[in-house]
Amino acid sequence: MKTLFPLFISSLLLISCNSYQYVSLKSEAPKTEKSSHYYYETDDLYIDFSFSGSQFPIDIYIENMGDEDLYIDLSRSLFLEDRAVISSFITSPYTNHSSSIDLYGDGVVDMEIPANPEYLFIPPGVHAKMVYRVYNWTADKYYKQVGEFNSRPGKDGYSRAERVYTFNEGEGPKYEVQIRLADNKEMEDELVVRFPFTPDKVITTSQPPSNFAGFGADAFHQSLKNTTGSTVFSLLLLLGMTVLVAGAEPETN
């Protein structure tokens with residue numbers, strides 16, 4: 001009976017409080033073990049990707065580890081969704097995204113990418129962190145789909161109910177980042193780094209981001225407003241928990 005109580009309370013919270021959606025992303029690219037960053041690496045270049053945060057951010061870290069200057073063609077480096085170009089790396093006033101660069105990794109934004117640049121220059125031994133929000137994740141799109149019921153312990157030690165939707169192979173949108181780099185402004189012998197990725201799982205729960213455990217840089221989160229659909233789901237879950245509680249054996253003295 002005691003073990004069911006925290007889950008029973010979390011079911012009530014799903015009805016009365018905001019719920020959140022956590023979306024993990026998968027790729028064939030290698031992933032760091034500790035931080036879950038997808039990355040690309042050569043002797044002279046290191047690039048990794050992080051999605052940690054709210055509203056589907058893409059943090060692109062690029063480090064010049066070679067002896068030559070590095071140029072990124074921002075106008076021809078692209079974000080794609082289902083093979084359609086969503087945006088280039090150039091910030092446009094007509095697209096809903098933002099971008100900035102942290103040149104030294106100290107958490108300070110050193111520059112905003114202007115509206116019409118040509119290249120980003122990274123000298124040897126320097127790195128840049130580019131932060132974009134270009135994709136629009138429709139939170140309710142997968143919220144009502146059939147998924148598995150589960151419970152997850154939070155950082156506070158209490159478990160809360162969640163609904164887990166897992167994408168099948170080939171299902172869901174297909175995203176891709178294309179980065180064009182060279183050691184000269186003329187972009188002769190350019191290198192094109194392609195990073196494809198897709199959604200893996202969607203978890204809907206009342207667990208807030210400050211208390212949610214289990215995801216790293218390969219996932220982002222969004223806050224959901226309570227809707228009729230989420231209320232119905234919560235009521236059904238609460239009914240199921242009530243049956244479990246009612247059927248539990250009483251404790252003996």
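Note: hydrogens, waters and symmetry copies are ignored here, and every other heavy atom, side chains too, is used.
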Margin query: Could you go through Asp43 and Met65, starting from their C-alpha distance and side-chain angles, then the distance that decides it, and tell me whether this counts as side chain to side chain contact (heavy atoms under 4.5 Å, CB included)?
Written below: CA-CA 7 Å; Asp43 292 339; Met65 301 188 299; over 6 Å; no
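- Residues Leu45 and Phe195 share a single hydrophobic cluster, defined by chaining ILVMFWY side chains whose heavy atoms lie under 4.5 Å apart.
- Between Tyr175 and Tyr135, the distance separating the two ring centers is shorter than 6.0 angstrom.
- Side-chain contact annotation: Asn184 with Glu188, donor-acceptor N/O pair under 3.5 Å absent.
- A heavy-atom distance below 4.5 Å is not found between the side chains of Leu25 and Phe49.
- With contacts defined as side-chain heavy-atom distances shorter than 4.5 Å, the pair Glu148/Arg163 does not qualify.
- When every heavy atom of Ile122 is checked against every heavy atom of Asn64, the shortest pair comes out as O-ND2, 3.0 Å.
- With hydrophobic clusters built from ILVMFWY side chains whose heavy atoms lie under 4.5 angstrom apart, Val193 shares a cluster with Val126.
- In this structure, Val164 and Val202 have side chains that are not in contact, with every pair of non-hydrogen atoms separated by 4.5 Å or more.
- The shortest side-chain heavy-atom distance between Arg76 and Glu190 falls under the 4.5 Å cut-off.
- Following chains of ILVMFWY side-chain contacts shorter than 4.5 Å, one can reach Ile90 starting from Val177, so the two form part of one hydrophobic cluster.
- Lys185 has no carboxylate O lying under 4.0 Å from a charged side-chain N of Glu118, or vice versa, which leaves the two without a salt bridge.
- Residue Asp82 qualifies as enclosed at atom CG: its count of foreign heavy atoms under 6.0 Å is above 12.
- Taking the ring centroids of Tyr132 and Phe89, they lie under the 6.0 Å cut-off.
- Shown here for Met187 and Leu181, the closest heavy-atom pair between the two residues is CE-C, 3.7 Å.
- Between the side chains of Tyr46 and Asp48, at least one donor N or O sits under 3.5 Å from an acceptor N or O.
- A distance of 11.0 Å separates CD1 in Ile47 from CD in Glu63, rounded to the nearest 0.5 Å.
- Annotation: side chain of Thr205 is not in contact with side chain of Ser19 (no heavy-atom distance under 4.5 Å).
- A ring-centre distance under 6.0 Å is not found for Tyr119 and Phe121.
- Cluster membership check: Phe79 shares its hydrophobic cluster with Tyr40, using side-chain heavy-atom separations under 4.5 Å among Ile, Leu, Val, Met, Phe, Trp and Tyr.
- At least one donor-acceptor pair closer than 3.5 Å links the side chain of Thr42 to the backbone N or O of Asp44.
- In summary, the side chains of Gln55 and Arg133 do not present any donor paired with an acceptor at a separation below 3.5 Å, with no hydrogens or angles considered.
- Separating the NE2 atom in His221 from the OG atom in Ser54 is a distance of 4.5 Å, to the nearest 0.5 Å.
- For the atom pair CG (Leu78) and CG (Asp73), the distance works out to 9.0 Å, reported to the nearest 0.5 Å.
- Contact annotation: the side chain of Asp69 approaches that of Pro124 to within less than 4.5 Å [non-hydrogen atoms, C-beta and beyond].
- If you run ring-ring contact (aromatic ring centres under 6.0 Å, His included) between Phe51 and each of Tyr22, Phe197, Phe215, only Phe197 comes through.
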- Task: Let me see the working for Tyr165 and Phe167 under ring-ring contact (aromatic ring centres under 6.0 Å, His included), right down to the final yes or no.
- Result: CA-CA 7 Å; Tyr165 182 83; Phe167 287 84; 5.3 Å; yes
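- Side chains of Pro173 and Pro199 form a contact here, defined as non-hydrogen atoms less than 4.5 Å apart.
- Note: Phe220 and Trp137 have perpendicular aromatic rings, judged against thresholds of 30 and 60 degrees for the angle between ring planes.
- Nearest approach of Ser27 to Pro196, heavy atoms of both residues: OG-O, 2.8 Å.
- Counted within 6.0 Å of CD on Glu33, heavy atoms from surrounding residues, nucleotides or ligands total 12 or fewer; the atom is thus considered open.
- Of the possible donor and acceptor atoms, one in the side chain of Ser77 sits under 3.5 Å from a partner among the backbone N and O of Arg180.
- Nearest heavy-atom pair across Ser75 and Ser88 is O-CB, 3.6 Å.
- Aromatic ring centroids of Phe212 and Tyr20 lie 6.0 Å or more apart.
- Residues Thr198 and Asp200 have side chains that never bring a donor and an acceptor to within less than 3.5 angstrom of each other.
- The heavy-atom pair separating Arg152 from Gln207 by the smallest distance is O-NE2, 3.4 Å.
- Between Ile86 and Val134, the shortest heavy-atom distance links the atoms CG2-O, 3.6 Å.
- Expressed to the nearest 0.5 Å, how far CD of Gln222 lies from OG1 of Thr204 amounts to 10.5 Å.
- To the nearest 0.5 Å, atoms CD1 (Ile62) and CG (Leu120) are separated by 7.0 Å.
- None of His37, Lys26, Lys31 except one satisfies the side-chain hydrogen bond (donor to acceptor under 3.5 Å, both in side chains) rule with Asp218; the exception is Lys31.
- Here the straight-line distance linking atom OG of Ser50 with atom NZ of Lys129 works out to 6.5 Å at 0.5 Å rounding.
- Side chains of Ile60 and Ile179 form a contact here, defined as non-hydrogen atoms less than 4.5 Å apart.
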